[in-house]
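Quick note: residue numbers are just sequence positions, from 1.
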Amino acid sequence: MASQSEFTLTLTIDDLAKMIDMSLLHPTMTDEDVLQGLKLARKYGMATACVKPYSIPMAVQELQGSSVLICPVIGFPHGNSTTVVKVFEAEEAVKAGGKEIDMVINVGKALGGDWGYVEDEIRQINDAVTRNGAILKVIFENDYLKDEHVIKLCEICSRVGVAFIKTSTGYGFVKQPNGLYTYSGATLHHLRLMREHAASSVQIKAAGGVRSLDDLLKVRAIGVTRVGATAGPAMLAEAEKR
């Protein structure tokens with residue numbers, strides 16, 4: 001693997017910015033918080049601003065005339081809505097201005113081995129999104145899954161032809177026997193597994209745990225082309241200093 005200094009010499013700030021989806025998804029975010037996040041996404045020219053559906057109109061207004069796309073989430077964060085509801089939510093999100101849609105799979109169906117349900121749902125949502133001119137990213141929520149599930153999901157998403165597969169929502173907390181919750185998010189192990197088993201046409205998005213410029217460079221080195229992060233501005237500010 002090349003050294004980090006080599007990466008910083010060959011990558012521009014714009015290259016790094018276009019790897020980042022500015023995550024504006026925390027449930028406690030007020031409209032003012034979202035607005036400030038949108039301004040930062042615009043300032044740095046990030047790939048997208050990732051927003052909850054009700055924030056799409058604000059994002060459309062704030063990002064008008066910029067290169068930053070709008071990336072609404074659907075079935076977020078647990079993926080438990082019916083397929084009909086997810087399709088409707090995706091269609092409405094695209095009509096409102098979403099250009100990239102991040103959906104959460106039905107994790108329980110995946111763990112139960114109901115792969116027909118999982119594949120049919122992903123296919124229906126991908127069809128709904130792409131026929132309206134947008135692309136789909138499929139969130140696995142890897143903290144809940146074993147490697148065999150991740151591999152199967154890679155195979156399904158490759159067959160369907162989605163644009164991206166994504167590690168996590170950022171909110172997939174796993175309850176431990178002592179009652180406390182743990183969370184790993186995007187691990188290098190899972191990212192390598194996803195890159196190995198997904199078609200080359202399917203891009204990889206890391207979300208959860210990519211918090212520094214060095215983290216960003218590490219995941220880029222193994223084939224990740226997009227990250228979801230709240231720390232995007234800090235990463236890019238650090239890049240400007242190097």
More than 12 foreign heavy atoms under 6.0 Å from CZ of R211: is that the case here? no

Heavy-atom closest pair, residues N142 and F140: OD1-CB, 3.2 Å

Is a salt bridge present between R242 and E238, judged by a nitrogen-to-oxygen distance below 4.0 Å? yes

Of all the heavy-atom pairs spanning I125 and V87, show the shortest one and how long it is. CG1-CG2, 3.9 Å

Thinking salt bridges, do E89 and K86 make one under a 4.0 Å N-O criterion? no

Describe, in one word, how the ring planes of Y171 and F76 are oriented to each other, choosing from parallel (under 30°), tilted (30 to 60°) and perpendicular (over 60°). perpendicular

What pair of heavy atoms forms the shortest contact from I20 to L16, and how long is it? CG1-O, 3.6 Å

Under a 3.5 Å distance rule, please check whether T230 uses its side chain to pair with a backbone N or O of S23 as donor and acceptor. no

Output all residues satisfying side-chain hydrogen bond (donor to acceptor under 3.5 Å, both in side chains) with D14, sequence neighbours left out; order by chain, then residue number. none

Any idea which heavy atoms bring I122 and C157 closest together, and the distance? CD1-SG, 4.1 Å

Electrostatic pair R226:E100 at N-O distance under 4.0 angstrom: yes

Salt-bridge contact R42-E62 (side-chain N to carboxylate O under 4.0 Å): no

Using the rule given for side chain to side chain contact (heavy atoms under 4.5 Å, CB included), can you reason through L145 versus L153, listing the C-alpha separation, both sets of side-chain angles and the distance that settles it, and then say yes or no? CA-CA 10 Å; L145 306 176; L153 286 165; 3.6 Å; yes

Whether over 12 other heavy atoms sit under 6.0 Å from Q64 CD: no

What heavy-atom pair brings A186 and L191 nearest, and what distance separates the two atoms? CB-CD1, 4.4 Å

By ring-ring contact (aromatic ring centres under 6.0 Å, His included) - contacts of Y183 (at least two apart): F173

Checking T82 side chain against V85 main chain: does a donor-acceptor pair fall under 3.5 Å? yes

Determine whether more than 12 heavy atoms belonging to other residues, nucleotides or ligands lie under 6.0 Å from atom CD of Q61. no

Side-chain donor-acceptor contacts of residues 45-54 below 3.5 Å, not counting sequence neighbours, with atom names and distances?
{"unit_1": "T48", "atom_1": "OG1", "unit_2": "D21", "atom_2": "OD1", "d": "2.8"}
{"unit_1": "K52", "atom_1": "NZ", "unit_2": "H26", "atom_2": "O", "d": "2.9"}

Determine yes or no for a side-chain-to-main-chain donor-acceptor pair under 3.5 angstrom, with D102 supplying the side chain and V73 the backbone. no

Without swapping roles, check the side chain of E141 against the backbone of T169 for a donor-acceptor pair under 3.5 Å. yes

Can the positive tip of K109 be found less than 6.0 Å from the middle of the six-membered ring of Y117, inside 45° of the ring normal? yes

Tell me, with the steps shown, if R131 and E91 meet salt bridge (charged side-chain N to carboxylate O under 4.0 Å, His left out). CA-CA 10 Å; R131 70 170 168 255; E91 289 174 334; 3.0 Å; yes

According to a 4.5 Å side-chain heavy-atom criterion applied to Ile, Leu, Val, Met, Phe, Trp and Tyr, with indirect links allowed, do I105 and M194 form part of one hydrophobic cluster? yes

Heavy-atom pair of closest approach, residues L180 and N178: N-OD1, 2.9 Å

Using a 3.5 Å distance criterion without hydrogens, assess whether the side chain of N126 forms a donor-acceptor pair with backbone atoms of R123. no

Is there a donor-acceptor pair under 3.5 Å between the side chain of S168 and the backbone N or O of A207? yes

